[in-house]
Amino acid sequence: MSEPARRLTWQVATVKATKDETATARTLTLDVPGWPGHQPGQHLAVKLTAEDGYSAQRDYSIGSAPEAGRLEITIQRIADGEVSPYLNGIAEPGDQFEVRGPIGGWYTWRENDPRPLLLLAGGSGIVPLMSMIRTHDQVNSQVPVRLIYSVRTLADVIYAAEISERQRVSPLTVTFLYTRSGPPETSAHVQVSPVQGSSSYAGRLNAKVLAEAAFPPEEHPAAYVCGPTGFVEAAADLLVAAGHHPDRIKTERFGPTS
Ligand SMILES: Cc1cc2nc3c(=O)[nH]c(=O)nc-3n(C[C@H](O)[C@H](O)[C@H](O)COP(=O)(O)OP(=O)(O)OC[C@H]3O[C@@H](n4cnc5c(N)ncnc54)[C@H](O)[C@@H]3O)c2cc1C
């Protein structure tokens, strides 16, 4: 018998620590007493309330692996945004706001899933996928993982040092796409890469890069795609066109194409 659904309530989160990942992305470590735990891929809702009672709510993926006492979100600052400039810029240790979660039972990776894990991230879409990579390491899973990570430039790679280290010690292969480094239609190999041993291309994701960097459809990978709406739709279409079954592709859209 399945467990009855738990009613989610707002809980007070206290910022424990902040870490700048790039010039525009910051990780907040949160202390949420009684946090029920999460599955890699899930997100939470953040509610900010002003003194006059006005409140704004946004969703943020959980980047940390399920681990008692550790809850991290990483926020990409949107210059004219309402919520992200506070979380990434103003919030500091000791500050409090409300959170509700974990949310999303479908967009999750289960540690006993035997299928190769194919992760496609656009920008801050790396956050829930990083939770999967961290969990994969935490449980010592031996299923191979391939990450295809699209960013504007080298300087926009979130978690670069950690991805580099994890690629060295675990069955993780990383391919970077730099969308501002070259004309979109060429996707030529470029030299510069923040992660030793990884491949890098200039331009957007296309069929050629996917064929070179992803598991082939015959290996029946479980594919997770996350990022801006435009990236997610293009990546999912390319996966299906390459022969990956739609049932094996899970997508999460963060918002408009930037
Ligand atoms: C399930 C889910 C998980 C998410 N996880 C993360 C996460 O881990 N990290 C993270 O940084 N964001 C994440 N987001 C996006 C986040 O919820 C907000 O949309 C984002 O932070 C912008 O909020 P804002 O209030 O600053 O901007 P808003 O005031 O909502 O928007 C300001 C302007 O920016 C545009 N805009 C809004 N969102 C985006 C975007 N994502 N990209 C480009 N332009 C945008 C709007 O169209 C508008 O023009 C997630 C979204 C969803 C649905």
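Every number for a ligand or one of its atoms is a count from 1 in the order of the listing.
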(request) With heavy atoms of Asp80 as the reference, note each atom of ligand 1 found under 4.0 Å away. (result) 32 (C), 33 (C), 34 (O)
(message) Just to be sure I read this right, does ligand 1 sit under 4.0 Å from the backbone of His43, its side chain, both, or neither, counting only heavy atoms?
(response) side chain
(request) With heavy atoms under 4.0 Å as the rule, classify the contact between Thr74 and ligand 1 as side chain, backbone, both or neither. (result) backbone
(request) Report yes or no: does Ile73 have a heavy atom closer than 4.0 Å to ligand 1? (result) no
(request) Kindly indicate whether a cation-pi arrangement holds for Arg166 with Tyr159, taking the cut-offs as under 6.0 Å to the six-membered ring centre and within 45° of the axis. (result) no
(request) Look at ligand 1 and say whether Pro85 reaches it with a heavy atom at a distance under 4.0 Å. (result) yes
(request) Please work out which of Arg77, Met130, Glu82 has its closest non-hydrogen atom nearest to atom 24 (P) of ligand 1. (result) Glu82
(message) Checking the N or O distance criterion of under 3.5 Å, is ligand 1 in contact with Glu252?
(response) no
(request) Kindly identify the option in Arg26, Gln57, Arg58 whose heavy atom sits closest to atom 30 (O) of ligand 1. (result) Arg58
(request) Could you point out which residue of Thr74, Val157, Leu147 forms a side-chain contact (heavy atoms from CB on, under 4.5 Å) with Ile126? (result) Leu147
(request) Can you sort out which atoms of ligand 1 are near Val83, meaning under 4.0 Å from one of its heavy atoms? (result) 24 (P), 25 (O), 26 (O)
(message) Under the rule for side chain to side chain donor-acceptor pair (under 3.5 Å), what residues qualify as partners of Arg100, not counting sequence neighbours?
(response) none
Which side-chain N or O atoms in residues 115-123 pair as donor and acceptor under 3.5 Å with protein atoms at least two apart or in another chain?
| unit_1 | atom_1 | unit_2 | atom_2 | d |
| --- | --- | --- | --- | --- |
| Arg115 | NE | Asp113 | OD1 | 3.0 |
| Arg115 | NE | Asp113 | OD2 | 3.3 |
| Arg115 | NH2 | Asp113 | OD2 | 2.8 |

(message) List ligand 1 atoms under 4.0 Å from Gln76, heavy atoms only on the residue side.
(response) 10 (C), 11 (O)
(request) Show which atoms of ligand 1 fall inside a sub-4.0 Å distance from at least one heavy-atom site of Ile75. (result) 11 (O)
(request) Begin with the C-alpha distance, continue with both residues' side-chain angles, and end with the deciding distance and a verdict on side-chain contact (heavy atoms from CB on, under 4.5 Å) for Lys250 and Cys226. (result) CA-CA 9 Å; Lys250 294 188 176 183; Cys226 187; over 6 Å; no
(request) Would you kindly specify which portion of Arg253 sits under 4.0 Å from ligand 1, judged on non-hydrogen atoms: side chain, backbone, both or neither? (result) backbone
(request) Could you check which of Tyr107, Tyr86, Phe254 puts a non-hydrogen atom nearest to atom 15 (C) of ligand 1? (result) Phe254
(message) Heavy-atom count check: over 12 atoms from other residues, nucleotides or ligands less than 6.0 Å from Glu111 CD?
(response) no
(message) For atom 14 (N) of ligand 1, tell me which residue out of Asp59, Ile62, Val46, Leu44 has the closest non-hydrogen atom.
(response) Asp59
(request) Pick whichever of Gly81, Pro128, Cys226, Gly125 has a heavy atom sitting closest to atom 31 (O) of ligand 1. (result) Gly81
(message) Test of understanding: given a 4.0 Å heavy-atom threshold, classify the contact between Val127 and ligand 1 as side chain, backbone, both, or neither.
(response) side chain
(request) Indicate, with yes or no, if Val232 and Phe254 share a hydrophobic cluster defined by side-chain heavy-atom contacts under 4.5 Å among Ile, Leu, Val, Met, Phe, Trp and Tyr. (result) no
(message) Under the criterion side-chain contact (heavy atoms from CB on, under 4.5 Å), I'd like the reasoning laid out for Glu72 against Ile62: C-alpha separation, chi angles, the key distance, then a yes or no.
(response) CA-CA 6 Å; Glu72 290 178 354; Ile62 300 166; over 6 Å; no
(request) Taking the six-membered ring for Trp and the single ring otherwise, decide whether the centroids of Tyr178 and Tyr201 are under 6.0 Å apart. (result) no
(request) Please determine, by modelled atom types, if Asp31 and Thr14 share a side-chain donor-acceptor pair under 3.5 angstrom. (result) no
